[in-house]
Amino acid sequence: MVWRVSVDRELCLGSGICAALAPELFELAEERSRVRGGEAAPDDTLLDAADSCPAQAISVTDGARILGPRP
Ligand code: SF4
């Protein structure tokens with residue numbers, strides 16, 4: 001299974017939390033986060049990043065269900 005990860009750059013505040021938690025998947029560009037690739041192996045760190053985003057700009061899905069941010 002592959003998870004899909006996206007960042008809404010319009011919502012992103014540029015805090016850098018996601019890039020600090022999962023630098024292999026997130027990077028800051030022009031003071032906003034962007035996803036490297038967009039797909040990743042299931043990893044709770046990605047859910048932690050989505051949960052930690054102060055702008056709720058990160059979305060993690062398995063292609064059918066929204067996994068993160070968690071309610
Ligand atoms: S944690 Fe959220 S607000 Fe902060 S850089 Fe990542 S996407 Fe942007």
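In listed order, ligands and their atoms are each counted from 1.
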For Leu46 versus Phe26, what's the shortest heavy-atom pair and its separation?
CD2-CE1, 4.3 Å

Among pairs that include at least one residue of residues 61-71, which meet side-chain hydrogen bond (donor to acceptor under 3.5 Å, both in side chains), considering only residues two or more places apart or in two chains?
Asp48-Arg70, Asp51-Arg70, Asp62-Arg65

Going by the side chain to side chain contact (heavy atoms under 4.5 Å, CB included) test, name the single residue among Pro23, Ser15, Ser33 that passes it with Leu28.
Ser33

Just to verify, what does Arg4 make a side chain to side chain donor-acceptor pair (under 3.5 Å) with, not counting sequence neighbours?
Glu39

Sum of protein N, O or S atoms, each under 2.8 Å from atom 6 (Fe) of ligand 1:
1

Closest heavy-atom contact between Ala49 and Ile58?
O-CD1, 3.6 Å

Looking at residues at least two apart in the chain, or sitting in another chain, which of them share a side-chain contact (heavy atoms from CB on, under 4.5 Å) with Glu27?
Arg34, Arg36

